[in-house]
Amino acid sequence: MAAMNSYPQIKKVIHTLLETPKITLMLATYLTRSVRSTLSTRARRRASSRRALLSGVLCLAVAIPSPTWADTQSSKDRFKLYLHSRVIKDKQYQCAYALYMAESKFDSRARNGSHYGIPQLRNKKLRNLDGFTQIDWGIRYIEARYSGNYCLAYKHYLDKGWH
């Protein structure tokens, strides 16, 4: 019988928690205070229990990969949510979603010839930008070329194979 992880949901929760800068900062502050408290002379009475707690938390923090190593699927999900926060109308979002899925599948590292990023724009600067900034550039492009209408851009993409 293969060994199974009894608590697979804990790993998912921890990854989700540490992906936000606020939670990461709170954890760092907690760990710093715990270390200072453990090293202080007044904490000697409770030192053994605090050291045990601190050791456990430090082991947990070391075992968890940093948010920069987060799987690309969660990054893609964040890019989709960010796009939805920028494109409020549902119909326009559906067209934007379909366009970017067809172009890059929301992969910020996507490349097709001389076109880069999530919106697949012809600008080398996009390959060095994060996915959120790439989406902002794509929105500005759609504003300039299609008056902000993602459905027109998507229709053009379906007809011509580019937008």
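None of the values given here were measured: they were computed from a predicted structure. Residue numbers count from 1 along this sequence.
- The aromatic rings of His156 and Trp162 sit perpendicular to each other, their planes meeting at more than 60°, with 30° as the lower class boundary.
- Using a cutoff of 4.0 Å between basic side-chain nitrogens and carboxylate oxygens, Asp107 and Arg109 are scored as salt-bridged.
- Every residue two or more places apart in sequence or in another chain was checked for a side-chain hydrogen bond (donor to acceptor under 3.5 Å, both in side chains) with Asn123, and none qualifies.
- Of the inter-residue distances, the one linking Asn149 atom CG with Lys91 atom NZ reads 10.0 Å to the nearest 0.5 angstrom.
- Lys155 meets the side-chain contact (heavy atoms from CB on, under 4.5 Å) test with Asp159; sequence neighbours excluded.
- Sequence neighbours left out, not one pair with a member in residues 100-148 passes disulfide (SG to SG under 2.5 Å).
- Under the side-chain contact (heavy atoms from CB on, under 4.5 Å) criterion, Leu158 pairs with Tyr154, sequence neighbours left out.
- Asp90 is linked by a salt bridge (Lys or Arg N to Asp or Glu O under 4.0 Å) to nothing, counting only residues two or more places apart in sequence or in another chain.
- Rounding to the nearest 0.5 Å places CG of Leu152 at 9.5 Å from CD1 of Ile142.
- At distances below 3.5 Å, not a single donor-acceptor pair connects side-chain atoms of Gln120 with backbone N or O atoms of Glu103.
- Between Tyr157 and Tyr150 the shortest side-chain heavy-atom distance does not fall below 4.5 Å.
- When all heavy atoms are compared, the tightest approach of Gly138 to Pro119 is CA-CB, 3.8 Å.
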With a cut-off of 3.5 Å and sequence neighbours excluded, list every side-chain donor-acceptor pair involving residues 79-88.
residue, atom, partner, partner atom, Å
Tyr82, OH, Arg86, NH1, 3.2
Tyr82, OH, Asp136, OD1, 2.8
Tyr82, OH, Asp136, OD2, 3.0
Ser85, OG, Tyr82, O, 2.6
Arg86, NH1, Asp136, OD1, 2.3

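- Judged as a disulfide (SG to SG under 2.5 Å), the pairs with a partner in residues 131-163 (not counting sequence neighbours) are, in order, Cys95-Cys151.
- Taken from CD in Gln134 to CG in Leu126, the straight-line distance is 5.0 Å, to the nearest 0.5 Å.
- A donor-acceptor pair shorter than 3.5 Å can be found between the side chains of Thr133 and Asp130.
- Here the straight-line distance linking atom CZ of Arg127 with atom CG of Leu121 works out to 14.0 Å at 0.5 Å rounding.
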With a cut-off of 3.5 Å and sequence neighbours excluded, list every side-chain donor-acceptor pair involving residues 111-118.
residue, atom, partner, partner atom, Å
Arg111, NE, Gly113, O, 3.0
Ser114, OG, Arg122, NE, 3.1

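- Checked against ring pair (Phe, Tyr, Trp, His ring centres under 6.0 Å), Tyr141 has the following partners two or more places apart in sequence or in another chain: His163.
- Aromatic rings of Phe106 and Tyr97 (six-membered ring for Trp) have centroids within the 6.0 Å cut-off, being under it.
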